[in-house]
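Here is the structure we will look at.
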There are 2 protein chains.
Amino acid sequence: MESQGTGRQPKYQRIAVELKAAIEDGRYGPGDRLPGENDLMAAYAVARMTARQALGVLQTEGLVEARKGAGVFVREYRPIRRRGVQRLSAGLWGEGRSVWAVDAQGWDLEVQSVTVADEKPPEAIGRVLGLAAGASACVRRRRFALDGRPVMLATSYLDAALVSGTAIAEPDTGPGGIYARLGEIGHGPVRFREEIRSRMPTPQETDRLALSAGTPVVLICRTAFTAEGWAVEVNDMVLDSSAYILEYDFTS
Amino acid sequence: MESQGTGRQPKYQRIAVELKAAIEDGRYGPGDRLPGENDLMAAYAVARMTARQALGVLQTEGLVEARKGAGVFVREYRPIRRRGVQRLSAGLWGEGRSVWAVDAQGWDLEVQSVTVADEKPPEAIGRVLGLAAGASACVRRRRFALDGRPVMLATSYLDAALVSGTAIAEPDTGPGGIYARLGEIGHGPVRFREEIRSRMPTPQETDRLALSAGTPVVLICRTAFTAEGWAVEVNDMVLDSSAYILEYDFTS
């Protein structure tokens with residue numbers, strides 16, 4: 001961030017640029033408290049609104065987060081590395097490990113508020129699963145938290161007729177989870193497609209993921225296919241973007 | 001979006017919820033103009049600020065975009081499908097096609113403002129490339145636009161000593177691009193890693209990608225490895241999240 005041309009910038013922008021430079025060069029590290037409005041008013045001889053706007057710029061860019069009553073802090077970025085390809089190898093869920101546990105090694109993992117219900121799925125998902133019009137999907141909703149912090153909402157859709165009577169229709173799917181159970185009834189997935197987008201969260205997502213201002217969500221829609229090319233599961237995931245790096249390794 | 005409990009919601013939230021429902025059920029389609037502040041003031045008997053806040057909610061969530069002097073429009077989401085795995089198959093760049101052209105089939109593709117320079121790379125990137133301290137990287141910066149709309153900024157880093165004298169150090173890298181040229185000097189990549197994150201844009205990114213308010217950027221950092229496991233290129237990409245779906249296919 002050069003300081004050239006700052007003469008034409010509004011004052012709050014110039015303050016924001018200086019604060020950003022101080023974060024970038026480590027004068028304020030992850031988790032550190034930034035100067036507050038009063039500090040900035042004194043240091044730069046500006047009005048409260050100008051100080052607030054300057055801090056607002058950093059918040060909107062996701063560099064800092066406001067904690068109620070405590071001030072504004074440099075965001076601690078200790079992301080979860082989610083390995084798209086390795087985590088879904090049959091060697092892992094085949095031996096009864098959870099896909100999710102691969103991401104969360106060394107973390108305190110918690111699956112919260114699991115609900116399972118038979119519902120009419122969104123039209124596009126019903127089509128992908130090859131459901132007849134009006135047919136139900138088994139819908140599994142859950143929230144994942146790491147070290148007590150909610151990081152992902154996930155909703156899986158499967159053919160209700162196919163999975164009825166299996167542990168997939170129970171809150172606890174057992175060792176190896178959904179994919180191991182699908183394997184046991186002859187429909188284990190062998191191929192996956194993940195589609196990734198990003199947008200700002202809805203108010204409900206902000207609430208359920210406890211997102212601070214200026215934090216987008218990453219959407220992953222994963223479809224799991226059997227060897228015959230049949231889509232057996234669609235998993236709609238909403239991730240706190242500040243908590244994740246998604247990694248995909250592949251060969252040319 | 002249920003209407004239950006809306007009695008406790010602020011008025012602008014209730015208006016926003018109704019407008020969102022109208023977008024979701026198709027009463028306002030992509031590209032349609034939403035009712036303006038004056039329309040909402042009349043329809044809901046509210047003050048201008050309330051009408052503005054309601055429209056602001058939709059804008060922040062990225063559902064609509066304001067066009068100066070023309071009003072607020074439902075965003076046209078016609079995303080580019082970027083296929084992470086297929087697009088980098090050697091079969092494509094091996095025969096002289098551009099990786100990028102695979103994404104852009106049927107679009108009017110343009111690579112804008114290419115600059116090439118020898119520079120000291122960011123420390124982390126120098127480390128990945130195995131550069132000696134103080135050694136230069138060949139840094140290729142460019143912006144990609146589809147149908148005239150800027151959608152991605154990309155910055156590639158390569159060992160300057162390795163690529164000096166090749167077309168990689170020229171603005172036009174020739175058919176098949178960087179990877180074909182690396183192949184010709186015996187360092188063609190065979191394995192790739194893409195790391196994906198998302199955050200709100202910096203003011204510079206907002207400017208260069210002409211992003212509307214409430215639009216995050218997706219960051220892709222790709223590392224290209226030779227058969228010997230040597231990282232020959234790091235490509236730092238910044239994508240307009242409203243323009244892309246990233247797709248990765250893989251087997252278990």
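Note on naming: letters A, B, ... go to the chains in the order of the sequence lines (proteins, then strands), and numbering restarts at 1 for each one.
Side-chain contact between B:Tyr244 and A:Ile196 is absent, with no heavy-atom pair separated by less than 4.5 Å. Taking the side chain as every heavy atom from C-beta outward, B:Phe250 and A:Glu194 approach each other to under 4.5 Å. Inter-residue side-chain proximity for A:Tyr248 and B:Phe192 is flagged as unmet; no heavy-atom pair is nearer than 4.5 Å.
Here B:Ser198 contributes atom OG and A:Ile245 contributes atom CD1; the two are 12.5 Å apart, rounded to the nearest 0.5 Å. A distance of 13.0 Å separates CZ in A:Arg199 from OG in B:Ser242, rounded to the nearest 0.5 Å. Between atom CZ of residue B:Arg197 and atom CG of residue A:Leu239 there is a gap of 14.5 Å, rounded to the nearest 0.5 Å.
The two residues B:Pro216 and A:Met200 make their nearest non-hydrogen contact at CG-N, 3.9 Å.
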**Study point:** Audit row: A:Asp249, B:Arg191, side-chain contact (heavy atoms from CB on, under 4.5 Å) steps and yes/no
**Key:** CA-CA 7 Å; A:Asp249 286 279; B:Arg191 193 163 66 74; 4.0 Å; yes
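Residue A:Pro203 touches chain B through both its backbone and its side chain, counting heavy-atom pairs closer than 4.5 Å.
Under the side-chain hydrogen bond (donor to acceptor under 3.5 Å, both in side chains) criterion, A:Gln13 pairs with no residue, sequence neighbours left out.
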